[in-house]
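Below: the structure, in structure tokens.
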Amino acid sequence: MPTSTDTDHVIRLDSVSMLYPTKSGGTVQALDDVSLSVRAGEFISIVGPSGCGKSTLLRIIMGLSRQTSGQVTFGPSDDTHRNQLGMVFQQPLLLPWRTVRKNLLTSPDLHQRRDAGTHAKADELLVMLGLEEFGDRYPNELSGGMQQRVGIGRALMHDPRILLMDEPFGALDAMTRDQMGLDLLKIWDQDRKTVLFVTHSIPEAVLLADRVVVMTPRPGRLADVVEVALPRPRRLENINTPEFGEIVLKIRKLLDSEHSAH
Ligand SMILES: Nc1ncnc2c1ncn2[C@@H]1O[C@H](COP(=O)(O)OP(=O)(O)OP(=O)(O)O)[C@@H](O)[C@H]1O
């Protein structure tokens, strides 16, 4: 939770609320009084049932939607321009008529001119994402996991300080998904961007994060923020440890108690 002495934040939400108009002339309260402070280099997972406002929260931070009330600021001196944000969606939204390399080079986030440095960056990302052999292939020649890697690559092309990920592995099978999570941690470990990662999977949230934001629906509220004090680097075997199980259980209980309260 933000405090007045909190100066080391990268993103700070103060009492952010969001009302959407409905077709019948009413309103839906998607977010209610959400406050959160995210530090530089933190990996934050966000969990909560469908409709609790997770995507809305990311869209507001990204600047794709405007909150009804409350404030979003970027730190430490509000110098983070929105182009320092990168977003990854559940579907990678690749251009099917362009090769993988050209998809990276035509990233919608890429505002600067495409020069030699940009081409070098694309090559570097292809290696980082394990796609160096696939730069000249087309999206439909890739597996779902590989396509999503390209989606992550597109968001990383302009080297954002903050990466917003909205259920990026939701469309993948369980084994690919586990591997993608571990790969993401390796990428994150290289330059520790600040990551906000939305997922429906509690174990995935815990395996990846420093803190897990637990949200509850109607209206979307922040139920609690759970610390994940597990050592890094994380491995899949962590999932079977008692410490891991305790954190998962704590989050499940938070979600269950809020669910039964509605
Ligand atoms: N553009 C919109 N217009 C009207 N209502 C909306 C709009 N976008 C979202 N909502 C409503 O706001 C609430 C929060 O939606 P949001 O997509 O942020 O939830 P979510 O937690 O990301 O859901 P899911 O896990 O299913 O993706 C829902 O009740 C949804 O119906």
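Remember, it's 1-based here, ligands and their atoms both numbered in the order they're listed.
- With sequence neighbours excluded, no residue forms a salt bridge (charged side-chain N to carboxylate O under 4.0 Å, His left out) with Asp178.
- Asp210 has a carboxylate O that lies under 4.0 Å from a charged side-chain N of Arg232, or vice versa, which qualifies the two as a salt bridge.
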If you look at each N/O of ligand 1, which protein N/O atoms lie under 3.5 Å away, and at what distance?
from: ligand 1; atom 1: 18 (O); to: Thr56; atom 2: N; distance (Å): 2.9
from: ligand 1; atom 1: 18 (O); to: Thr56; atom 2: OG1; distance (Å): 2.5
from: ligand 1; atom 1: 19 (O); to: Gly53; atom 2: N; distance (Å): 3.2
from: ligand 1; atom 1: 21 (O); to: Gly51; atom 2: N; distance (Å): 3.4
from: ligand 1; atom 1: 21 (O); to: Cys52; atom 2: N; distance (Å): 3.1
from: ligand 1; atom 1: 21 (O); to: Gly53; atom 2: N; distance (Å): 3.0
from: ligand 1; atom 1: 21 (O); to: Lys54; atom 2: N; distance (Å): 3.0
from: ligand 1; atom 1: 21 (O); to: Lys54; atom 2: NZ; distance (Å): 2.9
from: ligand 1; atom 1: 22 (O); to: Ser55; atom 2: N; distance (Å): 2.8
from: ligand 1; atom 1: 22 (O); to: Ser55; atom 2: OG; distance (Å): 2.8
from: ligand 1; atom 1: 23 (O); to: Gly51; atom 2: N; distance (Å): 2.9
from: ligand 1; atom 1: 25 (O); to: Lys54; atom 2: NZ; distance (Å): 2.8
from: ligand 1; atom 1: 25 (O); to: His200; atom 2: NE2; distance (Å): 3.0
from: ligand 1; atom 1: 26 (O); to: Ser50; atom 2: OG; distance (Å): 2.5

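- Between the side chain of Glu42 and the backbone N or O of Ile44 there is no donor-acceptor pair closer than 3.5 Å.
- With sequence neighbours left out, the ring-ring contact (aromatic ring centres under 6.0 Å, His included) criterion links Phe43 to Trp188, Phe197.
- Counting heavy-atom neighbours within 6.0 Å of Glu141 CD, excluding the residue itself, gives a total above 12.
- In this structure Glu167 satisfies the salt bridge (charged side-chain N to carboxylate O under 4.0 Å, His left out) test with no other residue, sequence neighbours excluded.
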